[in-house]
Number of protein chains: 2
Amino acid sequence: MSNNQFKRGELYSVINGMATTAVARRLQKNFRNAGLDITIEQWSVLYHLWKEDGLSQLELGNRTFRDKASTTRLIDNLEKQELVIRVASKDDRRINLVYLTDIAKPLQQITYELANQTMNEALLNINKEEIEIVKNVFQRVYDNLMSKDLS
Amino acid sequence: MSNNQFKRGELYSVINGMATTAVARRLQKNFRNAGLDITIEQWSVLYHLWKEDGLSQLELGNRTFRDKASTTRLIDNLEKQELVIRVASKDDRRINLVYLTDIAKPLQQITYELANQTMNEALLNINKEEIEIVKNVFQRVYDNLMSKDLS
DNA sequence: TTATATTAGTTGCATAACTAACTATATGTC
DNA sequence: GACATATAGTTAGTTATGCAACTAATATAA
(Lines give C-alpha, C1' and ligand atoms only; values in the text may rest on other atoms or scores of the structure.)
Protein backbone atom coordinates (compact mmCIF):
# COMPACT_ATOMS: atom_id res chain seq x y z
CA MET A 1 0.00 0.00 0.00
CA SER A 2 0.98 3.64 -0.41
CA ASN A 3 4.42 4.74 -1.39
CA ASN A 4 6.22 3.08 1.49
CA GLN A 5 6.19 -0.11 -0.51
CA PHE A 6 9.71 -1.32 -0.95
CA LYS A 7 10.73 -3.57 -3.72
CA ARG A 8 12.68 -6.75 -3.29
CA GLY A 9 14.28 -6.24 0.02
CA GLU A 10 16.65 -3.90 -1.69
CA LEU A 11 17.20 -1.68 1.29
CA TYR A 12 17.95 -4.70 3.41
CA SER A 13 20.75 -5.83 1.16
CA VAL A 14 22.09 -2.29 0.93
CA ILE A 15 22.13 -1.69 4.63
CA ASN A 16 23.04 -5.05 5.96
CA GLY A 17 25.84 -5.87 3.63
CA MET A 18 27.47 -2.69 2.79
CA ALA A 19 28.04 -0.03 5.32
CA THR A 20 27.85 -1.98 8.53
CA THR A 21 30.28 -4.57 7.25
CA ALA A 22 32.64 -1.90 6.04
CA VAL A 23 32.57 -0.03 9.34
CA ALA A 24 32.93 -3.23 11.35
CA ARG A 25 35.94 -4.37 9.37
CA ARG A 26 37.61 -0.99 9.55
CA LEU A 27 37.11 -0.76 13.28
CA GLN A 28 38.43 -4.29 13.77
CA LYS A 29 41.43 -3.44 11.63
CA ASN A 30 42.09 -0.29 13.63
CA PHE A 31 41.98 -2.29 16.85
CA ARG A 32 44.41 -4.81 15.42
CA ASN A 33 46.78 -2.17 14.12
CA ALA A 34 46.81 -0.61 17.58
CA GLY A 35 47.84 -3.98 19.03
CA LEU A 36 44.46 -4.55 20.69
CA ASP A 37 43.57 -8.21 20.73
CA ILE A 38 39.81 -7.85 21.12
CA THR A 39 37.00 -8.36 18.64
CA ILE A 40 34.46 -5.65 18.00
CA GLU A 41 31.82 -7.94 19.49
CA GLN A 42 33.83 -8.16 22.69
CA TRP A 43 34.27 -4.41 22.55
CA SER A 44 30.51 -3.91 22.29
CA VAL A 45 30.15 -5.67 25.63
CA LEU A 46 33.02 -3.81 27.27
CA TYR A 47 31.51 -0.56 25.96
CA HIS A 48 28.39 -1.08 28.06
CA LEU A 49 30.37 -2.18 31.10
CA TRP A 50 32.47 0.98 30.96
CA LYS A 51 29.23 2.92 31.08
CA GLU A 52 27.84 0.75 33.87
CA ASP A 53 29.87 -1.99 35.51
CA GLY A 54 28.37 -5.10 37.05
CA LEU A 55 25.47 -5.72 34.67
CA SER A 56 23.86 -9.14 34.44
CA GLN A 57 24.41 -11.24 31.35
CA LEU A 58 20.79 -10.84 30.33
CA GLU A 59 20.97 -7.07 30.63
CA LEU A 60 24.18 -7.04 28.60
CA GLY A 61 22.39 -9.13 26.00
CA ASN A 62 19.55 -6.61 25.85
CA ARG A 63 21.87 -3.67 25.48
CA THR A 64 23.97 -5.31 22.78
CA PHE A 65 21.04 -6.94 20.94
CA ARG A 66 22.14 -10.50 21.55
CA ASP A 67 20.37 -13.59 22.83
CA LYS A 68 21.57 -15.15 26.03
CA ALA A 69 23.45 -18.02 24.40
CA SER A 70 25.56 -15.63 22.35
CA THR A 71 26.12 -13.49 25.42
CA THR A 72 27.29 -16.48 27.43
CA ARG A 73 30.00 -17.36 24.93
CA LEU A 74 31.12 -13.83 24.38
CA ILE A 75 31.62 -13.50 28.12
CA ASP A 76 33.36 -16.90 28.19
CA ASN A 77 35.91 -15.49 25.80
CA LEU A 78 36.20 -12.18 27.64
CA GLU A 79 36.79 -14.13 30.84
CA LYS A 80 39.45 -16.29 29.14
CA GLN A 81 41.28 -13.09 28.22
CA GLU A 82 40.82 -11.90 31.80
CA LEU A 83 38.96 -8.78 30.72
CA VAL A 84 35.90 -9.50 32.86
CA ILE A 85 34.89 -11.72 35.74
CA ARG A 86 31.53 -13.27 36.57
CA VAL A 87 30.25 -12.86 40.11
CA ALA A 88 27.10 -14.64 41.25
CA SER A 89 24.59 -12.18 42.62
CA LYS A 90 23.98 -12.45 46.36
CA ASP A 91 20.29 -11.65 45.98
CA ASP A 92 19.60 -14.17 43.24
CA ARG A 93 22.09 -16.87 42.58
CA ARG A 94 20.80 -17.49 39.06
CA ILE A 95 22.24 -14.16 38.04
CA ASN A 96 25.85 -13.57 37.00
CA LEU A 97 27.01 -10.02 37.42
CA VAL A 98 29.79 -9.17 35.01
CA TYR A 99 32.61 -6.91 36.17
CA LEU A 100 35.54 -5.35 34.38
CA THR A 101 39.03 -6.36 35.51
CA ASP A 102 41.97 -4.03 35.96
CA ILE A 103 43.21 -5.24 32.59
CA ALA A 104 40.06 -4.05 30.82
CA LYS A 105 39.73 -0.66 32.48
CA PRO A 106 42.61 1.11 30.73
CA LEU A 107 41.36 -0.05 27.33
CA GLN A 108 38.40 2.29 27.47
CA GLN A 109 40.32 5.39 26.48
CA ILE A 110 42.15 3.96 23.49
CA THR A 111 39.19 2.03 22.10
CA TYR A 112 36.98 5.11 22.35
CA GLU A 113 39.59 7.05 20.43
CA LEU A 114 39.79 4.35 17.77
CA ALA A 115 36.00 4.17 17.49
CA ASN A 116 35.78 7.95 17.17
CA GLN A 117 38.51 8.00 14.58
CA THR A 118 36.83 5.21 12.62
CA MET A 119 33.44 6.89 12.70
CA ASN A 120 34.98 10.19 11.68
CA GLU A 121 36.49 8.50 8.65
CA ALA A 122 33.20 6.81 7.88
CA LEU A 123 31.14 9.98 8.33
CA LEU A 124 33.63 12.33 6.70
CA ASN A 125 31.20 13.94 4.27
CA ILE A 126 27.96 13.31 6.13
CA ASN A 127 26.29 16.08 8.02
CA LYS A 128 24.60 16.14 11.40
CA GLU A 129 21.10 16.23 10.02
CA GLU A 130 21.68 13.14 7.92
CA ILE A 131 23.16 11.30 10.87
CA GLU A 132 20.16 12.19 12.98
CA ILE A 133 17.82 10.89 10.30
CA VAL A 134 19.70 7.60 10.06
CA LYS A 135 19.63 7.11 13.82
CA ASN A 136 15.99 8.00 13.95
CA VAL A 137 15.03 5.71 11.08
CA PHE A 138 16.90 2.81 12.63
CA GLN A 139 15.26 3.34 15.97
CA ARG A 140 11.85 3.27 14.31
CA VAL A 141 12.73 0.18 12.27
CA TYR A 142 13.77 -1.55 15.45
CA ASP A 143 10.60 -0.51 17.23
CA ASN A 144 8.45 -1.59 14.30
CA LEU A 145 9.87 -5.09 14.35
CA MET A 146 10.43 -5.61 18.04
CA SER A 147 7.16 -4.25 19.37
CA LYS A 148 5.32 -7.21 17.88
CA ASP A 149 7.90 -9.93 18.11
CA LEU A 150 6.27 -13.06 16.76
CA SER A 151 8.94 -15.37 18.18
CA MET B 1 37.29 18.70 13.50
CA SER B 2 34.10 20.53 12.61
CA ASN B 3 30.69 19.27 13.56
CA ASN B 4 31.03 15.90 11.91
CA GLN B 5 32.87 14.70 14.98
CA PHE B 6 31.10 11.72 16.42
CA LYS B 7 31.42 10.64 19.97
CA ARG B 8 32.26 7.17 21.11
CA GLY B 9 31.30 5.13 18.16
CA GLU B 10 27.73 5.65 19.21
CA LEU B 11 26.32 5.51 15.71
CA TYR B 12 28.17 2.31 15.09
CA SER B 13 26.57 0.56 18.00
CA VAL B 14 23.17 1.95 17.05
CA ILE B 15 23.36 0.88 13.46
CA ASN B 16 25.18 -2.36 13.71
CA GLY B 17 23.32 -3.86 16.57
CA MET B 18 19.87 -2.63 16.36
CA ALA B 19 18.08 -2.30 13.13
CA THR B 20 20.05 -4.63 10.91
CA THR B 21 19.85 -7.39 13.49
CA ALA B 22 16.15 -6.87 13.92
CA VAL B 23 15.48 -6.92 10.19
CA ALA B 24 17.71 -9.94 9.64
CA ARG B 25 16.02 -11.91 12.39
CA ARG B 26 12.56 -11.02 11.20
CA LEU B 27 13.34 -11.98 7.62
CA GLN B 28 14.88 -15.27 8.74
CA LYS B 29 11.82 -15.95 10.86
CA ASN B 30 9.53 -15.20 7.94
CA PHE B 31 11.49 -17.61 5.76
CA ARG B 32 11.24 -20.30 8.40
CA ASN B 33 7.53 -19.76 8.97
CA ALA B 34 6.99 -20.13 5.23
CA GLY B 35 8.78 -23.48 5.37
CA LEU B 36 11.84 -22.18 3.52
CA ASP B 37 14.99 -23.87 4.71
CA ILE B 38 17.49 -21.24 3.61
CA THR B 39 19.45 -18.71 5.60
CA ILE B 40 19.32 -15.03 4.77
CA GLU B 41 22.99 -15.23 3.83
CA GLN B 42 22.21 -17.96 1.31
CA TRP B 43 19.30 -15.86 0.10
CA SER B 44 21.60 -12.88 -0.45
CA VAL B 45 23.59 -15.01 -2.90
CA LEU B 46 20.52 -16.44 -4.65
CA TYR B 47 19.16 -12.88 -4.90
CA HIS B 48 22.07 -11.87 -7.12
CA LEU B 49 21.89 -15.07 -9.17
CA TRP B 50 18.22 -14.47 -9.89
CA LYS B 51 19.20 -11.11 -11.25
CA GLU B 52 22.12 -12.56 -13.21
CA ASP B 53 22.80 -16.27 -13.33
CA GLY B 54 26.24 -17.77 -13.82
CA LEU B 55 28.36 -15.28 -11.88
CA SER B 56 31.82 -16.22 -10.67
CA GLN B 57 32.39 -16.73 -6.96
CA LEU B 58 34.53 -13.64 -6.78
CA GLU B 59 31.85 -11.52 -8.43
CA LEU B 60 29.24 -12.92 -6.07
CA GLY B 61 31.54 -12.01 -3.21
CA ASN B 62 31.81 -8.46 -4.48
CA ARG B 63 28.09 -8.06 -4.86
CA THR B 64 27.30 -9.48 -1.44
CA PHE B 65 30.22 -7.81 0.38
CA ARG B 66 31.97 -11.03 1.34
CA ASP B 67 35.54 -12.21 1.09
CA LYS B 68 36.24 -15.20 -1.10
CA ALA B 69 36.59 -17.67 1.77
CA SER B 70 33.13 -16.85 3.09
CA THR B 71 31.75 -17.05 -0.44
CA THR B 72 33.32 -20.46 -0.98
CA ARG B 73 31.64 -21.92 2.06
CA LEU B 74 28.29 -20.30 1.45
CA ILE B 75 28.30 -21.84 -2.00
CA ASP B 76 29.40 -25.17 -0.50
CA ASN B 77 26.24 -25.13 1.57
CA LEU B 78 24.05 -23.98 -1.32
CA GLU B 79 25.46 -26.80 -3.39
CA LYS B 80 24.79 -29.31 -0.61
CA GLN B 81 21.15 -28.23 -0.67
CA GLU B 82 21.22 -28.53 -4.46
CA LEU B 83 20.23 -24.90 -4.95
CA VAL B 84 23.25 -24.06 -7.13
CA ILE B 85 25.94 -25.86 -9.09
CA ARG B 86 29.51 -24.84 -9.82
CA VAL B 87 30.69 -25.06 -13.40
CA ALA B 88 34.34 -24.46 -14.27
CA SER B 89 34.64 -21.70 -16.86
CA LYS B 90 35.84 -22.87 -20.27
CA ASP B 91 37.83 -19.68 -20.83
CA ASP B 92 39.64 -19.73 -17.52
CA ARG B 93 39.64 -22.90 -15.51
CA ARG B 94 40.45 -21.09 -12.28
CA ILE B 95 36.97 -19.60 -12.32
CA ASN B 96 33.85 -21.32 -11.02
CA LEU B 97 30.63 -20.06 -12.54
CA VAL B 98 27.71 -20.51 -10.20
CA TYR B 99 24.33 -21.47 -11.66
CA LEU B 100 20.89 -21.81 -10.13
CA THR B 101 19.28 -25.26 -10.22
CA ASP B 102 15.65 -25.98 -11.01
CA ILE B 103 15.08 -26.30 -7.29
CA ALA B 104 16.24 -22.74 -6.63
CA LYS B 105 14.41 -21.03 -9.47
CA PRO B 106 10.86 -21.21 -8.08
CA LEU B 107 12.03 -19.81 -4.74
CA GLN B 108 12.55 -16.38 -6.24
CA GLN B 109 8.92 -15.36 -6.21
CA ILE B 110 8.11 -16.37 -2.64
CA THR B 111 11.32 -15.03 -1.13
CA TYR B 112 10.84 -11.69 -2.88
CA GLU B 113 7.36 -11.51 -1.44
CA LEU B 114 8.63 -12.31 2.04
CA ALA B 115 11.43 -9.74 1.74
CA ASN B 116 8.97 -7.11 0.56
CA GLN B 117 6.56 -7.92 3.34
CA THR B 118 9.37 -7.79 5.91
CA MET B 119 10.67 -4.47 4.65
CA ASN B 120 7.17 -3.05 4.56
CA GLU B 121 6.75 -3.97 8.21
CA ALA B 122 10.14 -2.50 9.01
CA LEU B 123 9.54 0.70 7.08
CA LEU B 124 5.89 1.14 8.04
CA ASN B 125 6.16 4.71 9.25
CA ILE B 126 9.21 5.79 7.30
CA ASN B 127 8.85 7.93 4.23
CA LYS B 128 10.55 7.81 0.88
CA GLU B 129 12.80 10.77 1.54
CA GLU B 130 14.14 9.24 4.74
CA ILE B 131 14.79 5.96 2.99
CA GLU B 132 16.67 7.74 0.24
CA ILE B 133 18.80 9.54 2.81
CA VAL B 134 19.65 6.30 4.59
CA LYS B 135 20.64 4.58 1.35
CA ASN B 136 22.66 7.57 0.28
CA VAL B 137 24.44 7.88 3.63
CA PHE B 138 25.31 4.19 3.63
CA GLN B 139 26.66 4.36 0.12
CA ARG B 140 28.89 7.26 1.11
CA VAL B 141 30.04 5.51 4.29
CA TYR B 142 30.98 2.49 2.23
CA ASP B 143 32.83 4.62 -0.29
CA ASN B 144 34.63 6.53 2.44
CA LEU B 145 36.01 3.35 3.95
CA MET B 146 36.57 1.26 0.87
CA SER B 147 38.21 3.84 -1.34
CA LYS B 148 41.28 3.82 0.86
CA ASP B 149 41.35 0.28 2.10
CA LEU B 150 44.43 -0.04 4.27
CA SER B 151 44.35 -3.83 4.27
C1' DT C 1 60.51 -21.25 -22.94
C1' DT C 2 61.45 -20.97 -18.56
C1' DA C 3 61.05 -18.36 -14.29
C1' DT C 4 58.15 -15.15 -11.70
C1' DA C 5 54.06 -12.97 -10.37
C1' DT C 6 49.14 -12.70 -10.20
C1' DT C 7 44.52 -14.49 -9.73
C1' DA C 8 40.43 -17.69 -8.29
C1' DG C 9 39.28 -20.65 -5.24
C1' DT C 10 39.99 -23.85 -0.99
C1' DT C 11 41.28 -25.11 3.67
C1' DG C 12 42.61 -24.52 8.68
C1' DC C 13 41.84 -21.97 12.65
C1' DA C 14 39.35 -18.94 15.75
C1' DT C 15 35.24 -16.19 16.89
C1' DA C 16 30.46 -15.39 16.68
C1' DA C 17 25.40 -16.06 15.64
C1' DC C 18 20.76 -18.55 16.42
C1' DT C 19 17.70 -22.44 17.96
C1' DA C 20 16.52 -25.85 21.03
C1' DA C 21 17.17 -28.55 24.89
C1' DC C 22 19.06 -28.57 29.29
C1' DT C 23 20.32 -27.28 34.65
C1' DA C 24 19.71 -24.71 38.69
C1' DT C 25 17.50 -21.29 41.29
C1' DA C 26 13.39 -18.60 42.50
C1' DT C 27 8.47 -17.69 42.74
C1' DG C 28 3.56 -18.73 43.19
C1' DT C 29 -0.34 -21.63 44.50
C1' DC C 30 -2.65 -25.02 46.81
C1' DG D 1 5.80 -27.99 52.50
C1' DA D 2 4.99 -29.76 47.70
C1' DC D 3 4.28 -29.11 42.94
C1' DA D 4 4.10 -26.36 38.90
C1' DT D 5 5.90 -22.48 36.52
C1' DA D 6 9.12 -18.93 35.33
C1' DT D 7 13.79 -17.12 34.95
C1' DA D 8 19.14 -16.87 34.24
C1' DG D 9 22.47 -19.08 32.35
C1' DT D 10 24.86 -23.17 29.86
C1' DT D 11 25.56 -26.60 26.23
C1' DA D 12 25.08 -28.96 21.66
C1' DG D 13 24.60 -28.53 16.89
C1' DT D 14 24.63 -25.87 12.59
C1' DT D 15 25.83 -21.85 9.88
C1' DA D 16 28.54 -17.87 8.97
C1' DT D 17 32.59 -14.61 9.26
C1' DG D 18 37.54 -13.14 8.78
C1' DC D 19 42.52 -13.92 8.27
C1' DA D 20 46.35 -16.45 6.62
C1' DA D 21 48.42 -20.00 4.23
C1' DC D 22 47.84 -22.90 0.55
C1' DT D 23 46.92 -25.05 -4.59
C1' DA D 24 46.14 -24.67 -9.32
C1' DA D 25 45.76 -22.06 -13.41
C1' DT D 26 46.91 -18.00 -16.04
C1' DA D 27 49.58 -14.02 -17.40
C1' DT D 28 54.01 -11.52 -17.69
C1' DA D 29 58.90 -11.00 -18.44
C1' DA D 30 63.48 -12.53 -19.29
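Just so it is clear: chains get the letters A, B, ... in the order the sequence lines come, proteins before strands, and each one is counted from 1.
The pair A:R25-B:D67 does not count as a salt bridge, with every side-chain nitrogen at least 4.0 angstrom from each carboxylate oxygen. At a threshold of 4.0 Å, the pair B:R63-B:E52 counts as salt-bridged, since one of the basic side-chain nitrogens sits closer than that to a carboxylate oxygen. A salt bridge links B:D102 to B:K105: one of the charged nitrogens lies within less than 4.0 Å of a carboxylate oxygen.
Residue B:T39 has no polar side-chain atom (N or O) positioned under 4.0 Å from OP1 or OP2 of D:dT15. Phosphate proximity of D:dG9 to A:T72: absent, as no side-chain N or O sits under 4.0 Å from OP1 or OP2. Here B:Q42 reaches the OP1 or OP2 of D:dA16: one of its side-chain N or O atoms lies under 4.0 Å away. A sub-4.0 Å separation between OP1 or OP2 of D:dT10 and a side-chain N or O of A:Q57 is present.
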Pairs under 3.5 angstrom, nitrogen or oxygen only, protein versus nucleotides 18-20 of chain D, please.
residue, atom, partner, partner atom, Å
D:dG18, OP1, A:R25, NE, 3.0
D:dG18, OP1, A:R25, NH2, 2.9
D:dG18, OP2, B:S70, OG, 3.2

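Proximity of residues 90-107 of chain B to DNA chain D (heavy atom under 4.0 angstrom from any strand atom) is restricted to B:D92, B:R93, B:R94.
Ring planes of A:Y112 and A:Y47: tilted class, angle from 30 to 60°.
As a member of the Ile/Leu/Val/Met/Phe/Trp/Tyr network built from side-chain separations under 4.5 Å, B:Y99 groups with B:I85, B:V87, B:I95, B:L97.
With hydrogens and angles left out, the side-chain atoms of B:E132 and B:N136 include no donor and acceptor closer than 3.5 Å.
With ring centers used as reference points, A:F138 lies under 6.0 Å from B:F138.
Between the P atom of C:dC18 and the CD atom of B:E41 lies a distance of 11 Å, rounded to the nearest Å.
Looking at which nucleotide of DNA chain C each of A:K68 and B:E59 is closest to, the 5′-most match is held by B:E59.
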